[in-house]
Amino acid sequence: MEERLNFIEEIVEESIAKGQTEIHTRFPPEPNGYLHIGHAKSICLNFGTAKKYGGKCNLRFDDTNPVKEDVEYVDSIKADINWLGFMWSEEHYASDYFEQLYAWACELISKGLAYVDDQTQDEIRATRGTVQKAGTNSPWRERSVQENLALFADMRAGKFADGEKVLRAKIDMAHTNMSMRDPLMYRIIHTDHHRTGNKWCIYPMYDYAHGQSDSLEGITHSICTLEFDVHRPLYDWFIEKLGIFPSHQYEFARLNINYTVMSKRKLLQLVKENHVNGWDDPRMPTICGLRARGYTPASIRLFAEKVGVAKRDNVIDLSLLEWCLREDLNTTAQRRMAVLDPIKVVITSWPEGQTEMIDCVNNPEDEAAGMRAVEFGREVLIERGDFMENPPKKYYRLAPGTEVRLRYGYVIKCDEVIKDKDGVITELRCTHDPLSAHGATSDGRKVKGVIHWVSAARAVPIEVRLFDRLFMSEAPEASGNFLDNLNPDSMKIVTGYVEPTLAEAPVGTHFQFERLGYFIRTDRGFNKAVGLKDSWAKMAK
RNA sequence: UGAGCUAUGGUGUAAUGGUAACACAGCAGUUUUUGGUACUGCCUUUCCUGGUUCGAAUCCGGGUAGCUCAACCA
């Protein structure tokens, strides 16, 4: 089978052809939130590429802004990466490099390439110009090296208040690339850092920390998303002026999925305003949310592979993610019969008090999964949607006077429909074909419809949560307030009835409830992961 | 009145000057004790415009459209 390389892999192969012997990547999250499916794409790309070429991938926390970061996020990020099936070669923190970064800043000052600026934040903004208009030089731009060195030391020593001074790179205030207009290297923040405590009151900016961190770790391919494209000249500038290991940055388009909000700020809002029950709510696109929903690590890795890697903006169909889960679970999840919205069926031709154990296949895709026995008796529960009083043309299931097979059991025929005073069907009275066990019929006639059922006497009630997409709109972030697009029916909690064995299934086990779709056992009940292909829609018609 | 990035079916991604393909979605059918799975078929493609070339999705010129950049965020 011919192999398709994504463009990052092509770049890697190119560098190998040029003599690069070791490939080294990194995944560099800022510990200021939970990882989501978009990060999963980046994780698979970074760890996957390193693995494919026998290289290494580091985990590095970009913790240069103490006001937004927390150890809670560090821990969740590590857990999520592990859960996805990846392990980093080395664990680093940008904060571990603060001393080295400080020394390098002094070096740049000494070379006349950086200066301390006394301007206020507003003044700096005003003199930076616009995308169409050049900026103007700071009045403090030509300070002497000695003065800059002394001032920078004083900044570190805590002699100034927040915002009083910054360290800037001396590049070009008229550069067409805004990020090259004397970018800030350090700012003063008198806030404790989750790792360095109160040791520092000056913190490096992303641009001044990221490339050098890559360089220190010997990262050969620093892979990031498209919006950092304009930062690349600056990334290269610091490395060149410092004369350190030449890491290189490459950009790819971030993941977007329709009906899905991926912005960290908005996800935080959903959590804070209780539109969902936390970061790991099964409707969230976070890694932990997807896990709670029933997504497997393999399905997410498959998704990352299927969406590909390129540089153009994209919106992936949510159906692809769902297909990836079905693809994985189809071969691994055992099948069980369940009824979520029951109607009682009484088989009048079945002797009262008599029961029979029926063998059922656990997984038709996996013979090793074996068989199980389920009790059959005079009264069973079937899904309300599996019966229609006035069925349309292509309805294969039960209707007055028609036959249907109870899966692995007998063919039954509906003789009578019993309703309450409101006209709601409460019971179906049927007769069975006693010679119809094991797929046969007494006279060889074909019965196309096969429905699931549970024994009324043995069924165990369970709590089931049915999920739908969180947003109704295909592009929930397009309008002003994305909350206007919230789907009021994104979660329904119902009581379902299942085979007795399911009540003790271990937490985390996946099952396919025949016909209803894939579910995962949680500590509270069963979460619906995805439905069978289109089964919901078709059954609703 | 800037610079950079991008442009291939409905959605993604390949094709690296030589027959435009693969997946998802959709539609139809076969198999099936799941309206699942599997299999088969259909549907629908190179932003526009010049040029180079025997030959262009690919190279060149000119347009157009979308995205990114003016945090002491990352």
Side-chain angles (χ1 to χ4, degrees), chain A residues 2 4-7 10 28-30 32 62-65 67-69 94 117 119-121 124-126 128-135 162-168 175-181 184-189 202-203 205-207 209-210 224-233 251 253 257-258 264 305-324 326-327 330-331 335 337 360-361 364-365 394-397 405-409 411 436 438-440 447-452 512-518 531-535 537-539:
Chain A
E2 76 180 274
R4 285 184 174 186
L5 298 182
N6 65 49
F7 87 97
E10 280 177 15
E30 182 189 14
N32 70 342
D62 244 331
D63 54 352
T64 57
N65 185 358
V67 304
K68 294 170 80 176
E69 297 153 7
D117 196 340
Q119 290 184 111
T120 64
Q121 190 167 348
I124 288 175
R125 192 189 350 259
R128 186 152 32 216
T130 69
V131 289
Q132 289 164 350
K133 197 169 153 247
D162 288 9
E164 214 174 308
K165 285 182 167 42
V166 292
L167 184 71
R168 291 231 253 171
H175 204 287
T176 53
N177 184 336
M178 298 287 292
S179 66
M180 294 296 271
R181 316 239 263 230
L184 272 60
M185 291 165 62
Y186 275 91
R187 73 287 215 197
I188 299 168
I189 305 176
I202 57 170
Y203 292 92
M205 299 287 290
Y206 165 86
D207 283 310
H210 201 92
C224 63
T225 45
L226 239 36
E227 65 268 27
F228 290 97
D229 177 284
V230 291
H231 297 243
R232 181 154 29 92
E251 309 86 18
I257 305 179
N258 56 11
K264 246 186 205 175
E305 184 191 318
K306 290 285 176 190
V307 296
V309 183
K311 293 190 81 157
R312 59 168 158 163
D313 294 331
N314 57 81
V315 182
I316 308 292
D317 266 3
L318 187 55
S319 60
L320 179 62
L321 179 60
E322 296 179 339
W323 175 83
C324 289
R326 288 197 306 266
E327 179 75 359
N330 180 48
T331 56
R335 317 288 131 121
M337 290 193 284
C360 306
V361 175
E365 305 292 320
K394 285 200 156 185
Y395 190 80
Y396 305 136
R397 287 160 277 163
R405 178 176 296 279
L406 294 174
R407 182 137 213 232
Y408 297 120
V411 169
S436 64
H438 309 298
V447 176
K448 181 161 172 75
V450 178
I451 64 174
H452 50 166
Q512 187 195 99
F513 286 180
E514 299 265 6
R515 294 270 303 281
L516 294 175
Y518 292 95
L532 258 29
K533 191 177 177 183
D534 262 350
S535 62
K538 284 188 178 172
M539 285 173 74

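Every chain is numbered from 1 and lettered A, B, ... according to where its sequence line falls, protein lines coming before strand lines.
- In this structure, of B:A14, B:C73, B:U68, it is B:C73 that holds the atom nearest to the side chain of A:R187.
- Separating the C1' atom of B:G29 from that of B:G66 is a span of 41 Å, rounded to the nearest Å.
- B:C42 is paired with B:G26 under the Watson-Crick or G-U wobble criterion, all donor-acceptor distances under 3.5 Å.
- Under 4.0 angstrom from either OP1 or OP2 of B:A70 there lies no side-chain N or O belonging to A:S179.
- No engagement by A:Y186 is indicated, since no non-hydrogen atom pair under 4.0 Å with the nucleic acid exists.
- As rounded to the nearest Å, B:C69 and B:U58 have P atoms that lie 30 Å from one another.
- Per the geometry, CZ belonging to A:R405 stands 9 Å off P belonging to B:U33, to the nearest Å.
- Checked against B:U33, B:A70, B:C24, the side chain of A:S319 finds its nearest nucleotide in B:C24.
- Interface remark: the A:E365 side chain does form a donor-acceptor pair with the B:G36 base, using a distance-only criterion of under 3.5 Å.
- You won't find any donor-acceptor pair under 3.5 Å spanning the side chain of A:R326 and the base of B:G36, going by distance alone.
- Between A:T130 and A:I189, the residue anchored closer to the 5' end of RNA chain B is A:T130, taking for each the nucleotide with the nearest heavy atom.
- Here the SG-CD distance, from A:C324 to A:E305, works out to 8.5 Å after rounding to the nearest 0.5 Å.
- Pair assignment for B:C73 gives none, since no Watson-Crick or G-U wobble pairing has each distance under 3.5 Å.
- Only the P atoms considered, B:C39 is 10 Å distant from B:A23, to the nearest whole Å.
- Nearest nucleotide to the side chain of A:F228, out of B:C73, B:G12, B:A74: B:A74.
- Residues A:E227 and A:T225 bring a donor and an acceptor atom of their side chains to less than 3.5 Å of each other.
- Across all strands, A:P364 comes closer than 4.0 Å to base atoms (heavy-atom distances).
- A:K68 has its NZ atom 13 Å from the P atom of B:C72, to the nearest Å.
- Checking B:A21 for Watson-Crick or G-U wobble geometry (two distances, each under 3.5 Å) identifies B:U13 as its partner.
- Contacts of A:I316 with the nucleic acid, taken as non-hydrogen atoms under 4.0 Å apart, involve only primed sugar atoms and P, OP1 or OP2.
- Looking at heavy-atom distances under 4.0 Å, A:H210 makes no contact with the nucleic acid at all.
- At the heavy-atom level, A:R125 lies under 4.0 Å from the strands shown only through sugar-phosphate atoms.
- Pairing for B:G35 is absent, judged as Watson-Crick or G-U wobble with the two contacts each under 3.5 Å.
- The CG atom of A:N330 sits 12.0 Å away from atom NZ of A:K533, with the distance rounded to the nearest 0.5 Å.
- Enclosure of atom NZ in A:K133 is not indicated, since only 12 or fewer non-hydrogen atoms of other residues, nucleotides or ligands lie within 6.0 angstrom.
- Among the heavy atoms of the strands lying under 4.0 Å from A:D317 is at least one base atom, whether or not backbone atoms are also near.
- Within the 4.0 angstrom heavy-atom criterion, no nucleotide atom of any strand lies near A:E164.
- When heavy atoms are screened at a 4.0 angstrom cut-off, A:E514 is found touching base atoms of the nucleic acid.
- Using cut-offs of 30° and 60° for the angle between ring planes, the A:H231 and A:Y206 rings count as perpendicular.
- When the nucleotides B:G4, B:A70, B:A14 are ranked by their closest atom to the side chain of A:D229, B:G4 comes out on top.
- Looking at heavy-atom distances under 4.0 Å, A:V166 makes contact with a base.
- Remark: P of B:U68 and CG of A:N314 are 13 Å apart, rounded to the nearest angstrom.
- The side chain of A:M178 sits closest to B:A70 out of B:A74, B:A70, B:U33.
- Looking at A:R515, its side chain does come within 3.5 Å of a backbone N or O of A:V450 through a donor-acceptor pair.
- Side-chain proximity of A:W323 to B:U32, B:A25, B:G35: nearest is B:A25.
- The nearest pair of heavy atoms linking A:E251 to A:F228 is CG-C, 4.5 Å.
- Nucleotides B:C47 and B:G12 have their P atoms positioned 14 Å apart, rounded to a whole Å.
- The partner of B:A65 is B:U6, judged by Watson-Crick or G-U wobble contacts that both fall below 3.5 Å.
- For A:R4, the side-chain atoms get nearest to B:U13 when compared with the rest of B:C72, B:U6, B:U13.
- A:T331 comes within 4.0 angstrom of nothing in the nucleic acid, heavy atoms only.
- Distances from the side chain of A:Y396 to the nucleotides B:C5, B:G35, B:C24 place B:G35 closest.
- A close approach under 4.0 Å does occur between a side-chain nitrogen or oxygen of A:R128 and OP1 or OP2 of B:C72.
- Across all their heavy atoms, A:R128 and A:L184 have their closest contact at NH1-CD1, 4.4 Å.
- Taking atom CZ of A:F513 as the reference point, atom C1' of B:G35 lies 19 Å away to the nearest angstrom.
- When the C1' atom is compared between B:A20 and B:A57, the two are found 8 Å apart, to the nearest whole Å.
- Closest approach of A:F7 and A:K311 over heavy atoms only: CZ-CG, 3.6 Å.
- Residue contacts shown for A:K394 include a base, since a base heavy atom lies under 4.0 Å away.
- The separation between A:L516 atom CG and B:G35 atom C1' is 12 Å, rounded to whole Å.
- At the heavy-atom level, A:M205 lies under 4.0 Å from the strands shown only through sugar-phosphate atoms.
- A:H231 comes within 4.0 angstrom of a nucleotide base, judged by non-hydrogen atoms across all strands.
- The interatomic distance linking A:E251 (CD) with B:C67 (P) rounds to 19 Å, in whole Å.
- For A:Q132 and A:D63, each mapped to the nucleotide of RNA chain B holding its nearest heavy atom, the one lying further toward the 5' end belongs to A:Q132.
- Closest to the side chain of A:R407, from the set B:U34, B:C24, B:U68, is B:U34.
- At the heavy-atom level, A:V309 lies under 4.0 Å from the strands shown only through sugar-phosphate atoms.
- With both ends at atom P, the span from B:A74 to B:G4 equals 26 Å, rounded to whole Å.
- Going from the P atom of B:U19 to that of B:A56 covers 12 Å, rounded to whole Å.
- Across B:G35 and B:G18, the matching P atoms stand 48 Å from one another, rounded to whole Å.
- Of all heavy-atom pairs spanning A:A94 and A:T64, the tightest one is CB-CG2, 3.9 Å.
- Listed pair A:K264 / B:C73 fails the phosphate criterion, with no side-chain N or O lying under 4.0 Å from OP1 or OP2.
- When each of B:C69, B:U33, B:U11 is scored by its nearest atom to the side-chain atoms of A:V131, the top-ranked nucleotide is B:C69.
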